[in-house]
Amino acid sequence: MEPFGLTTQQFSILMLVADNGDVNQKQLGQALDISPPNMAVTLDRMVERGWVERVRSTRDRRAQQIHLTAAGRVLAERTAPIVAATVRS
């Protein structure tokens with residue numbers, strides 16, 4: 001994922017959000033076994049790069065939903081086949 005500027009952790013987040021729609025930050029951390037502080041820092045970097053955005057949950061104002069941006073969707077579409085091909089070989 002290095003050619004795309006993605007860490008393994010960022011790629012995992014990108015794919016989880018792409019495959020499951022909007023999920024909250026806590027769910028992402030639990031699903032990927034990432035501590036809340038590390039998840040916050042990783043998402044900060046992903047927001048800075050324009051791949052994801054945080055949106056306050058309408059059901060729970062304490063929670064933040066993570067959405068892919070248009071750039072994040074393009075990145076997911078470009079990287080997923082490469083990883084799938086690598087895993088198969």
Expected list for residues 10-20: side-chain donor-acceptor pairs under 3.5 angstrom, two or more places apart:
residue, atom, partner, partner atom, Å
Q10, OE1, T7, N, 2.9
Q10, OE1, T7, OG1, 3.4
S12, OG, T8, O, 3.1
N20, ND2, L16, O, 2.9

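Side-chain atoms of L28 and M39, non-hydrogen and from C-beta on, do get closer than 4.5 Å to each other.
Applying the salt bridge (Lys or Arg N to Asp or Glu O under 4.0 Å) test to residues at least two apart or on different chains, the pairs with a partner in residues 23-48 are D44-R54. For residues 63-82, no residue pair satisfies the salt bridge (Lys or Arg N to Asp or Glu O under 4.0 Å) rule, not counting sequence neighbours.
Criterion: ILVMFWY side-chain heavy atoms under 4.5 Å apart, direct or through other members. Under it, L43 and L32 are part of a common hydrophobic cluster. Taken together through direct or relayed side-chain contacts under 4.5 Å among Ile, Leu, Val, Met, Phe, Trp and Tyr, V74 and V47 form parts of separate hydrophobic clusters.
When all heavy atoms of Q25 and I66 are compared, the closest pair comes out as N-CG1, 4.1 Å.
Between the side chains of Q9 and T42, a donor-acceptor pair is found at a separation under 3.5 Å.
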